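First comes the structure, then the notes that go with it.
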Amino acid sequence: MEVNVARWLPRSAANGPGERFVLWTQGCALACPGCWNPDTWSFAPRERMTMDAIDALVAETSGIEGVTFTGGEPFAQAAPLAELARRVRRRGLSVFVFTGHTLDEIRSPAGRALLAEVDVLVSGRFVQERRSVQLAWRGSHNQEVHFLTERYGLADMPSGEHVELHLWPDGRVVVTGFPEEPEALSSDSRA
Amino acid sequence: MSAYVTLLTPMTDRECLLHALADVGFGEGKVEVHQEAVGLTGYEGLERAQRAHVVIRKQHVGGSSNDLGFLGTPTGHLLIVSDYDRRTYGQPWMQRLEARYVHHARIKEERAAEEERRRIAEEKRKLVQAQKQAIVERAKKLGYQVQEKREGDKVRLVLLRRVY
């Protein structure tokens, strides 16, 4: 099975608890106005990665707490991600997912299979009018954090605004997390 | 007086030519290098009409020999060799010389490529450093606390702004 991937970061501390491998999936039908990553909406193949390839990348990243699926819409590729999440958890790592769907909207068998492998789910559309960067792991006030296992709880939620900038040797700058003004920090891409 | 024959060689790089000459027995002290071409001398001590930038005087060439010369041109060095000396310094010798030239030219190209790679890497390093400095300054003005983490060649800046 393959996953249509927009991009990935081997290590980030701004996308869930602890240091995490973060996978941005490609494809989202929700198209929330004001979305930070509109380039991930198209379902056209971007970088098709096999499960084995992603699993190997996760395995070679030492010292991470878990893996985060974001997007794009991870539940648009629930079946392969459910299998990937199973592998991740078998390694003792946690699974954190950002989705634009509400919990009630996730009803498909594949969606339920993915949910069964998730430790923390952040759910709900991004609503521009309710935007805030001061909410742990969320972009707007309507979004909800669900602790689906006992691995994490409220005490693991960070306080304050958490932003990361990754400066690559080739001059690329990637901003991730929940920045108030990403352009004020860097004029380059957002993740 | 024996004839002088010129053989065109593709050897354009004088430094590599000098290394190649050293490899075939004409090292430092046996080779003259001139900015302006100078006259060559025949075995009787008479100056010949031919001129060259790189000269191996006849005493280094052999008993009854003439000067050997290389005249620099935009398309390579012309070997100037007397008919008499062609028996020793003809095509087979030229082929040996050219083989050594090619070897040194390749080393020089690799060195130049490596220097270019290093120069580009250094420019990128300076660019990343400047970007980092600019971002840190902007972030601090916006009230963030900044932590820097190095991950191999990559720099990660963690920005935190507390809410009270």
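Naming: A, B, ... by sequence-line order, numbering from 1 per chain. Owing to the predicted nature of the structure, the values given are computational and were not obtained by experimental measurement.
Within the 4.5 angstrom heavy-atom criterion, no atom of B:Q147 approaches chain A.
Heavy-atom neighbours of A:E150 CD from other residues, nucleotides or ligands within 6.0 Å: at or below the threshold of 12. At most 12 heavy atoms of other shown residues, nucleotides or ligands fall within 6.0 angstrom of atom CD in B:Q145. The local environment of CZ in B:R119 is crowded, with over 12 non-hydrogen atoms from other residues, nucleotides or ligands closer than 6.0 Å. Within a 6.0 Å sphere centred on CD of B:Q35, heavy atoms belonging to other residues, nucleotides or ligands number 12 at most. With a 6.0 Å radius and a threshold of 12 heavy atoms from other residues, nucleotides or ligands, B:R106 has its CZ atom at or below the threshold. Counting non-hydrogen atoms of neighbouring residues, nucleotides and ligands closer than 6.0 angstrom, the CD atom of B:E28 reaches no more than 12 such neighbours.
The candidate from B:E137, B:R125, B:E151 with the greatest count of non-hydrogen atom pairs under 4.5 Å with chain A is B:E151.
Under the ring-ring contact (aromatic ring centres under 6.0 Å, His included) criterion, the residue pairs touching residues 108-151 of chain A are A:F96-A:W137, with sequence neighbours excluded.
A:V163 pairs in a side-chain contact (heavy atoms from CB on, under 4.5 Å) with only one of the listed residues (B:L159, B:L157, B:L160, B:L142), which is B:L159.
Residues B:D153 and A:P169 approach most closely at CB-CG, 3.1 Å, considering heavy atoms. Minimum heavy-atom separation, B:R156 to A:S12: NH1-CA, 3.5 Å.
Interatomic distance, NZ of B:K132 versus CG of A:L165, reported as 12.5 Å (0.5 Å rounding). Here CH2 of A:W168 is found 13.5 Å from NZ of B:K124. Values are rounded to the nearest 0.5 Å. The distance from the CD1 atom of B:I120 to the CG atom of A:D170 is 13.0 Å, given to the nearest 0.5 Å.
Residues B:V155 and A:H166 fail the side-chain proximity criterion, which asks for heavy atoms closer than 4.5 Å. In this structure, the side chains of A:L167 and B:Q129 stay at 4.5 Å or more apart for every pair of heavy atoms.
For A:H101, the ring-ring contact (aromatic ring centres under 6.0 Å, His included) criterion is met by no residue, not counting sequence neighbours.
Salt bridge annotation for A:E19-B:K149: present, with a cationic side-chain nitrogen under 4.0 angstrom from a carboxylate oxygen.
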